Amino acid sequence: MSFEPNAARFDGFAEQYDEVRPTPPEDLGRLLRSYAGRADHVVDVGAGSGLSTRWVAGWADRVTGIEPGDEMRLQAAAAAPELTFRAGWGHDTGLESGCADLVTCVQAFHWMEPTATLAEFARLLRPGGVFAAIDCDWPPAVGSVAAERAWSDCRATIRVLERRVAEGASVDELARPVRGSAEWAAYDGVDPHRDRVLADGVRSWPKSGHLDQLRASGRFDWVREVVTHALEPGDAERFVGLLRSQGDYRTLRRHGLTDEQLGADELERVARTELGGPARPWVFTYRARIGVVAPR
């Protein structure tokens with residue numbers, strides 16, 4: 001299959017993505033370095049706007065960001081000209097074998113075909129090297145039931161409408177009510193990529209399957225999950241910005257759907273009521289699925 005649609009899904013909003021998305025906690029980086037024993041060279045695959053690569057640079061001696069999307073890669077290079085960014089894919093990085101102590105994928109592994117990608121990562125890693133698929137739960141814990149419920153309702157609406165778009169729904173079909181439908185009511189937000197139907201030839205894999213994929217690959221001597229948290233300030237503007245930094249929201253807007261149809265206007269109204277005023281600390285939960293290559 002072609003993975004060009006997966007990269008194109010994130011065209012058009014690289015700067016906003018970089019402004020509103022969170023950064024994993026420093027402690028997680030130190031933990032990954034400890035598992036690997038050193039971090040002379042880390043390869044950050046699916047680097048996006050470079051937010052994750054800059055995070056890695058805070059605890060690694062050297063980092064190379066791999067990103068297939070031209071726009072995201074240009075944003076990454078502009079934000080951190082001192083770092084190295086290269087065009088490449090999870091299954092084809094173009095780097096030499098055994099060059100990495102760690103390979104990281106932050107908010108990215110679910111966009112990559114796991115079998116070929118894990119084979120590539122195992123090729124890059126030296127004996128005893130570490131791969132980490134790092135994902136952030138959405139939404140962050142913001143201390144407001146109303147705001148978090150509005151997020152869930154909006155995300156459920158987007159999920160239903162993207163399936164309709166993917167199935168070629170007419171304008172009239174897209175206008176049919178979404179709220180209250182069985183698919184809308186069944187949305188739990190735990191793994192948005194489980195049983196997902198995406199538009200424009202895009203494909204993703206469930207985040208909840210990462211551990212099983214690591215184990216099934218047979219390429220790692222030790223596999224486990226680590227859950228950690230980061231505190232970052234947030235307000236109404238950032239809450240809405242996080243929604244608008246999602247690929248599915250951007251996809252549906254490109255297809256001509258409005259914020260009213262998507263439920264984004266209601267989300268913004270609730271956010272401004274509940275989260276207006278000074279920024280307050282939010283809790284971002286990170287799940288790192290870790291695979292360690294056997295030492296020689």
Side-chain angles (χ1 to χ4, degrees), residues 10 12-31 44 47-59 71-72 75-76 78-80 83 104 106-108 134-159 179 187-192 207 226-250 252-253 257-288:
F10 293 91
F13 57 102
E15 186 174 356
Q16 183 191 36
Y17 186 104
D18 200 67
E19 288 177 353
V20 301
R21 291 291 184 114
T23 301
E26 292 181 8
D27 286 347
L28 178 56
R30 287 192 288 268
L31 179 66
D44 182 40
S49 68
L51 192 63
S52 58
T53 316
R54 300 196 300 272
W55 168 69
V56 172
W59 50 267
E71 182 184 307
M72 281 287 191
Q75 170 69 30
L83 301 181
T104 56
V106 181
Q107 291 288 92
I134 302 167
D135 295 301
C136 184
D137 287 357
W138 297 124
V142 301
S144 166
V145 172
E148 292 175 16
R149 180 174 287 138
W151 175 283
S152 180
D153 289 349
C154 180
R155 301 297 305 151
T157 298
I158 286 172
R159 182 184 179 95
R179 280 176 173 263
Y187 177 79
D188 62 11
V190 173
D191 185 353
K207 295 180 180 182
V226 173
V227 180
T228 187
H229 307 281
L231 288 177
E232 291 193 20
D235 56 14
E237 185 175 358
R238 188 177 190 188
F239 197 70
V240 176
L242 284 171
L243 183 279
R244 290 182 171 145
S245 76
Q246 305 292 326
D248 48 12
Y249 168 83
R250 292 286 183 165
L252 294 177
R253 287 305 308 266
L257 280 80
T258 67
D259 273 0
E260 182 179 4
Q261 287 175 287
L262 300 179
D265 58 349
E266 175 64 10
L267 173 71
E268 183 170 8
R269 184 193 67 76
V270 173
R272 297 205 179 282
T273 300
E274 294 289 318
L275 306 175
R280 64 186 74 173
W282 291 352
V283 177
F284 289 89
T285 299
Y286 286 87
R287 301 177 189 278

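All figures in this text were calculated on a predicted structure; none of them were measured in a lab. Worth knowing before you read on, the calculation uses all heavy atoms, side chains too, and leaves out hydrogens, waters and symmetry mates.
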Practice task
Would you check if M72 and Y17 make a side-chain contact, meaning some heavy-atom pair closer than 4.5 Å?
Solution key: yes

Fill in the blank from the handout: When every non-hydrogen atom of G241 is compared with those of V20, the smallest separation belongs to O-CG2, 3.7 Å

Exercise for the section: Run the salt-bridge test on R244 and D259 with the 4.0 Å N-O cut-off and return the result as yes or no. Expected result: yes

Fill in the blank from the handout: Value for CD1 (I158) from CD (Q261), rounded to nearest 0.5 Å, stands at 11.5 Å

Problem - Salt-bridge contact D153-R179 (side-chain N to carboxylate O under 4.0 Å) - result: yes

Problem - Under 3.5 Å: donor-acceptor pair, side chain of D191, backbone of K207 - result: yes

Handout entry: Residue pair F13 / Q75, side-chain heavy-atom distance below 4.5 Å
Key = no

Practice task
List the steps and the verdict of side-chain contact (heavy atoms from CB on, under 4.5 Å) for D135 and Y286.
Solution key: CA-CA 6 Å; D135 295 301; Y286 286 87; over 6 Å; no

Exercise for the section: Apply side chain to side chain donor-acceptor pair (under 3.5 Å) to the pair D137 and T285, showing each step before the final yes or no. Expected result: CA-CA 6 Å; D137 287 357; T285 299; 4.6 Å; no

Practice task
Kindly say whether G29 contributes a backbone atom to a donor-acceptor pair with the side chain of W55 at under 3.5 angstrom?
Solution key: no

Handout entry: pair D44-R54: side-chain heavy atoms closer than 4.5 Å
Key = no

Problem - Enclosure of R149 CZ (heavy-atom neighbours >12, cutoff 6.0 Å) - result: no

Practice task
Please test W59 against V56 for side-chain contact (heavy atoms from CB on, under 4.5 Å), starting from the C-alpha separation and ending with a verdict.
Solution key: CA-CA 6 Å; W59 50 267; V56 172; 3.9 Å; yes

Fill in the blank from the handout: In this structure, SG of C154 is separated from CG of L262 (nearest 0.5 Å) by 6.5 Å

Problem - All side chain to side chain contact (heavy atoms under 4.5 Å, CB included) counterparts of E274, not counting sequence neighbours - result: S144, A146, A147, V270

Fill in the blank from the handout: So CZ of R238 and CH2 of W282: to nearest 0.5 Å the spacing works out to 6.5 Å

Handout entry: Side-chain donor or acceptor of D235 paired with backbone N/O of A279 under 3.5 Å
Key = no

Practice task
Calculate, to the nearest 0.5 Å, the distance between atoms CG and NE2 belonging to L28 and H229 respectively.
Solution key: 11.5 Å

Completion exercise
CZ of F284 to CG of L242, rounded to nearest 0.5 Å, is 5.5 Å

Problem - Residue among E19, Q16, R21 satisfying side chain to side chain donor-acceptor pair (under 3.5 Å) with S245 - result: R21

Practice task
Taking the side chain as every heavy atom from C-beta outward, state whether T228 and R287 have any atom pair closer than 4.5 Å.
Solution key: no

Practice task
Flag the pair W138 / Q246 as yes when at least one side-chain heavy-atom distance between them is below 4.5 Å, and no otherwise.
Solution key: yes

Practice task
Would you sort out whether L275 and E237 count as a side-chain contact (heavy atoms from CB on, under 4.5 Å), showing the intermediate values?
Solution key: CA-CA 9 Å; L275 306 175; E237 185 175 358; over 6 Å; no

Problem - Which residues share a side chain to side chain donor-acceptor pair (under 3.5 Å) with R272, sequence neighbours left out - result: E268

Exercise for the section: Would you kindly say whether R159 and Y187 are connected by a side-chain donor-acceptor distance under 3.5 Å? Expected result: no

Practice task
List the atom of D18, the atom of S49, and the distance in Å for their closest heavy-atom pair.
Solution key: OD1-OG, 2.7 Å

Exercise for the section: Evaluate the side-chain contact (heavy atoms from CB on, under 4.5 Å) criterion for residues E148 and V142: first the C-alpha distance (whole Å), next the side-chain angles of each, then the deciding distance (0.1 Å), finally the verdict. Expected result: CA-CA 7 Å; E148 292 175 16; V142 301; 3.7 Å; yes

Practice task
Could you tell me whether the side chain of P22 reaches within less than 4.5 Å of the side chain of C136, counting heavy atoms only?
Solution key: yes

Fill in the blank from the handout: Distance col, row D188:CG vs R155:CZ, nearest 0.5 angstrom, shows 13.0 Å

Practice task
Go through the steps for R253 and D248 under the test salt bridge (charged side-chain N to carboxylate O under 4.0 Å, His left out), then give the verdict.
Solution key: CA-CA 9 Å; R253 287 305 308 266; D248 48 12; over 6 Å; no

